[in-house]
Amino acid sequence: MTLASLAAFAGLCLILSLTPGPDTFLVLRIALNRPSAGIAAAAGSAVAAIAWAALVGVGLAAILEQSAEIFRWLKIAGGLYLLYLGISSFLKTRKGAKEGVAGGGDGGALRYSRLAGLGAGALSTLLNPKVGLFYLAIVPQFIPQGGDTMGTAMIAGVGRSSHSVCLPSRRRPHRL
């Protein structure tokens with residue numbers, strides 16, 4: 001990967017990182033509950049992005065190009081996971097609100113551990129078909145013909161992952 005193509009890829013990743021998606025909203029929801037768990041969710045998302053890059057490096061793009069059926073099952077699994085996240089969040093909020101009203105405490109506050117945040121971020125990114133499409137359609141365009149496919153894909157994955165972790169974990173001044 002040349003310096004010019006690396007800069008172009010970094011710019012593309014920055015633009016995509018500023019565009020919210022399911023992973024961004026998941027990280028924000030968890031971070032509002034517990035900031036350290038939110039950072040863990042962002043790290044889980046980054047680890048899963050590196051896993052997508054490794055899959056591209058071993059040739060998953062070529063396999064999925066030949067088999068639309070496999071990609072369709074990946075999209076179905078991603079949709080089911082997003083449905084699960086929505087329903088479980090709704091049920092947890094209702095349960096928390098009922099307990100808060102009955103106990104007179106903080107209604108609706110959900111607690112996430114760092115490990116739960118890491119797992120939720122990773123699973124959300126692994127099953128997100130748009131992330132898969134990004135790695136399967138865009139990353140191969142930056143791999144030079146006859147070059148080191150795995151190395152270039154991993155450089156792209158680490159570059160994309162750094163955006164996933166750095167943007168949500170920035171410290172912002174508190175406003176009153």
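Model, not experiment: these values are computed from the prediction.
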All side-chain contact (heavy atoms from CB on, under 4.5 Å) counterparts of A53, not counting sequence neighbours: Y135, M154
Could you tell me if the side chain of N128 sits less than 4.5 Å from the side chain of W52, heavy atoms only? no
A37 and S113: which non-hydrogen atoms are nearest, and at how many Å? CB-O, 3.6 Å
Check the hydrophobic clustering (I, L, V, M, F, W, Y; side-chain heavy atoms under 4.5 Å; chains of links allowed) and say if L127 and L26 are grouped together. yes
Same cluster or not: are F9 and V56 linked, directly or through other Ile, Leu, Val, Met, Phe, Trp or Tyr residues, by side-chain heavy atoms under 4.5 angstrom apart? yes
Least distance between heavy atoms, A40 atom then R114 atom: CB-O, 3.3 Å
On a heavy-atom basis, the closest approach of L118 and A43 is CD1-C, 4.0 Å
Tell me every residue that passes side-chain contact (heavy atoms from CB on, under 4.5 Å) with I76, counting only those two or more places apart in sequence or in another chain. R72, W73, L80
Mind checking who shares a hydrophobic cluster with L32, ILVMFWY linked at side-chain heavy-atom distances under 4.5 Å? none
Is there a donor-acceptor pair under 3.5 Å between the side chain of T125 and the backbone N or O of G121? yes
What distance do L55 atom CG and M150 atom CE have between them, rounded to the nearest 0.5 Å? 8.5 Å
Give the cluster check for V131 versus I138: same hydrophobic cluster or not, with ILVMFWY residues linked at side-chain heavy-atom distances below 4.5 Å. yes
Do the side chain of R34 and the main chain of Y112 share a donor and acceptor less than 3.5 angstrom apart? yes
Distance col, row I30:CD1 vs I39:CD1, nearest 0.5 angstrom, shows 12.0 Å
How would you list, by chain and number, every residue that makes a salt bridge (charged side-chain N to carboxylate O under 4.0 Å, His left out) with R94, sequence neighbours excluded? none
Check whether Y84 and L123 end up in the same hydrophobic cluster, where Ile, Leu, Val, Met, Phe, Trp and Tyr are linked by side-chain heavy atoms less than 4.5 Å apart. yes
I87 meets the side-chain contact (heavy atoms from CB on, under 4.5 Å) criterion, sequence neighbours left out, with L83, L91
